[in-house]
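Excluded from the calculations below are hydrogen atoms, water molecules and symmetry mates; all remaining heavy atoms, backbone and side chain alike, are included. Along the sequence shown, the residues carry numbers beginning at 1. This one's a predicted model, so the numbers in the text were calculated from it and none came from an experiment.
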Amino acid sequence: QVQLVESGGGLVQPGGSLRLSCSASGGIFSINTMGWYRQAPGKQREPVASMASGGRTNYAGSVKGRFTISRDNAKNTVYLQMNSLKPEDTAVYYCNAAVYSRALEVWGQGTLVTVSS
């Protein structure tokens, strides 16, 4: 019943910036946690950043200081501002949302971020 729509991926040079966006639709309930995962070529999917509805954030060590997650609860939208991008950030980035009261977890289709000169 809940769908996640992602946007913002693309090709960027090392040192550049991108902002990813993910919007949830299809439900009127509150989403407890929204966040981002990524999967690089040849690697497992890993968490990047997340934010609870109350504002608590969590970041992977590899992106601290470079990435910033933000959230608009009224719009059920989460953003990932990515600065100082490195080639190793190249991956498919997936949006994730969790609704604890309904034991529901939803994934987006993913958006490709390529960092290359």
Side-chain donor-acceptor pair under 3.5 Å between [X] and [Y], yes or no?
X: N73; Y: R71; result: yes
X: S17; Y: N83; result: yes
X: Y93; Y: R38; result: yes

Quick check on the hydrophobic clustering: are [X] and [Y] connected, directly or via other members, by side-chain heavy-atom contacts under 4.5 Å?
X: I31; Y: L80; answer: yes
X: L18; Y: Y79; answer: no
X: F67; Y: V113; answer: yes
X: V78; Y: L104; answer: yes
X: V92; Y: V12; answer: no

Say whether, by atom type as modelled, one donor and one acceptor occur between the side chain of [X] and the main chain of [Y] under 3.5 angstrom.
X: T111; Y: G9; answer: yes
X: Q81; Y: T68; answer: no
X: R66; Y: S62; answer: yes
X: T77; Y: K75; answer: yes
X: Y59; Y: I69; answer: yes

Taking C-beta and beyond as the side chain, do [X] and [Y] meet within less than 4.5 Å on heavy atoms?
X: P14; Y: P87; result: yes
X: W36; Y: L20; result: yes
X: V99; Y: V2; result: no
X: W107; Y: R45; result: yes
X: E105; Y: N96; result: yes

So which atom in T33 and which in S50 form the shortest heavy-atom distance, rounded to 0.1 Å? CG2-CB, 4.1 Å

Rounded to the nearest 0.5 Å, how far apart are [atom1] of [X] and [atom2] of [Y]?
X: R102; Y: N32; atom1: CZ; atom2: CG; result: 11.5 Å
X: N76; Y: S23; atom1: CG; atom2: OG; result: 8.5 Å
X: S117; Y: L11; atom1: OG; atom2: CG; result: 9.5 Å
X: L112; Y: Q39; atom1: CG; atom2: CD; result: 12.0 Å
X: T114; Y: L85; atom1: OG1; atom2: CG; result: 11.0 Å
X: L4; Y: C95; atom1: CG; atom2: SG; result: 4.5 Å

When you look at CD of E46, are more than 12 heavy atoms from neighbouring residues, nucleotides or ligands closer to it than 6.0 Å?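 Above 12, so yes.
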
